[in-house]
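Beneath this line is the structure, given in structure tokens, with notes to follow.
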Amino acid sequence: QVQLVEFGGGLVQPGGSLRLSCAASGFTFSNYAMSWYRQAPGKGRELVATIPSTGGSTTYADSVKGRFTISRDNAKNTVYLQMNSLKVEDTAVYYCNAQAWDVFRRPVDYWGKGTLVTVSS
């Protein structure tokens, strides 16, 4: 069965760093674009970063540019999010997402259950 499992969340002080991992199974990982989303308390889900299936150009939300880096290791079926210079406003549940298209050109999405990142002193 399809699974996306996030690891690496926790408590960190402002200015600190954290690396999130997402392990995928049950589908052909290299055919899917991978993204990280986050949802802060009382707010909607926000796209943080995306990396194409080809491993080409990455995209980031303006709020995290220069601080976060998304990467993938197709041999390990894993996508990462390196977070540096963390701010209190980065506090959120972070979700891993996989997306491709089926033969009918309909989007196919898979989601992890999320991991909590708390930035506080």
Side-chain angles (χ1 to χ4, degrees):
Q1 64 273 37
V2 171
Q3 279 197 99
L4 293 173
V5 182
E6 299 95 339
F7 302 93
L11 177 64
V12 64
Q13 293 185 326
S17 297
L18 210 58
R19 188 179 75 156
L20 305 183
S21 301
C22 173
S25 60
F27 64 99
T28 305
F29 180 78
S30 60
N31 288 343
Y32 286 73
M34 300 298 298
S35 297
W36 287 95
Y37 287 76
R38 68 186 181 186
Q39 188 164 20
K43 302 199 69 177
R45 190 166 296 186
E46 171 192 26
L47 176 62
V48 176
T50 297
I51 185 166
S53 60
T54 59
S57 60
T58 55
T59 59
Y60 299 90
D62 287 341
S63 59
V64 307
K65 283 181 180 176
R67 300 189 298 119
F68 290 12
T69 303
I70 188 171
S71 61
R72 67 192 295 162
D73 186 340
N74 286 351
K76 296 181 178 180
N77 285 183
T78 301
V79 63
Y80 306 93
L81 185 68
Q82 178 66 47
M83 304 183 292
N84 298 325
S85 302
L86 283 161
K87 304 174 180 179
V88 172
E89 48 263 48
D90 293 319
T91 296
V93 176
Y94 285 72
Y95 298 91
C96 179
N97 171 80
Q99 186 180 58
W101 287 264
D102 66 15
V103 68
F104 302 107
R105 292 284 296 172
R106 300 177 302 191
V108 178
D109 283 278
Y110 302 128
W111 290 90
K113 295 187 182 298
T115 185
L116 177 62
V117 173
T118 302
V119 185
S120 177
S121 58

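For this chain, numbers begin at 1 and follow the sequence in order. Fair warning: this is a prediction, and the values are worked out from it, not measured in the lab.
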Non-hydrogen side-chain atoms of N31 and S53 separated by less than 4.5 Å | no

Check whether V79 and V2 end up in the same hydrophobic cluster, where Ile, Leu, Val, Met, Phe, Trp and Tyr are linked by side-chain heavy atoms less than 4.5 Å apart.
-> yes

Distance (rounded to the nearest 0.5 Å) between L11 CG and L18 CG | 9.5 Å

Is it true that D62 and K65 have a side-chain N and a carboxylate O under 4.0 angstrom from each other?
-> yes

Rounded to the nearest 0.5 angstrom, the SG-CG distance for C22 and L81 is 10.5 Å

E6 side chain vs C96 backbone, donor-acceptor pair below 3.5 Å = yes

Measure across V48 and V64 and return the closest heavy-atom pair with its distance rounded to 0.1 Å.
-> O-CG2, 3.8 Å

If you measure only the distance, is there a donor-acceptor pair under 3.5 Å linking the side chains of N84 and S17?
-> yes

Gap between atom CZ of F68 and atom CD of Q82 - 0.5 Å precision | 9.5 Å

How far apart are the closest heavy atoms of N74 and N77, and which atoms are they?
-> O-ND2, 3.0 Å

From L116 atom CG to T91 atom OG1, the distance as rounded to the nearest 0.5 Å = 8.0 Å

Heavy atoms, side chains only, cut-off 4.5 Å: are R38 and S63 in contact?
-> yes

Examine distances only and state if a side-chain atom of R72 and a backbone atom of P52 form a donor-acceptor pair shorter than 3.5 Å.
-> yes

Flag yes if L20 and V93 sit in one hydrophobic cluster, no otherwise; membership is Ile, Leu, Val, Met, Phe, Trp, Tyr, and two members link when side-chain heavy atoms are under 4.5 Å apart.
-> no

Spacing of CE belonging to M34 relative to OG1 belonging to T78, to within rounding of 0.5 Å | 9.0 Å

Could you grab the distance from atom OG1 of T50 to atom OH of Y37, nearest 0.5 Å is fine?
-> 6.0 Å

Which pair of non-hydrogen atoms, one from A49 and one from Y60, has the smallest distance, and what is that distance?
-> CB-CD2, 3.6 Å

Check whether the side chains of N97 and Q99 place a donor and an acceptor atom closer than 3.5 Å, and report yes or no.
-> no

Which atoms form the tightest heavy-atom contact between A98 and L4, and what is the distance?
-> N-CD1, 4.0 Å

Hey, any chance F27 and I51 share a hydrophobic cluster, counting ILVMFWY side chains that come within less than 4.5 Å of each other, even indirectly?
-> yes

Q3: what forms a side chain to side chain donor-acceptor pair (under 3.5 Å) with it, not counting sequence neighbours?
-> none

Heavy-atom closest pair, residues Y80 and D73 | CE1-CB, 4.1 Å

Measure across P14 and S121 and return the closest heavy-atom pair with its distance rounded to 0.1 Å.
-> CD-N, 3.8 Å

Do V117 and M83 have side chains that get closer than 4.5 Å, going by heavy atoms?
-> yes

Does V108 belong to the same Ile/Leu/Val/Met/Phe/Trp/Tyr cluster as F29, with side-chain heavy atoms less than 4.5 Å apart forming each link?
-> yes

Ignoring hydrogens and geometry, is there a side-chain-to-backbone donor-acceptor pair from Q39 to A92 under 3.5 Å?
-> no

Are the side chain of R45 and the backbone of Y95 linked by a donor-acceptor contact shorter than 3.5 Å?
-> no

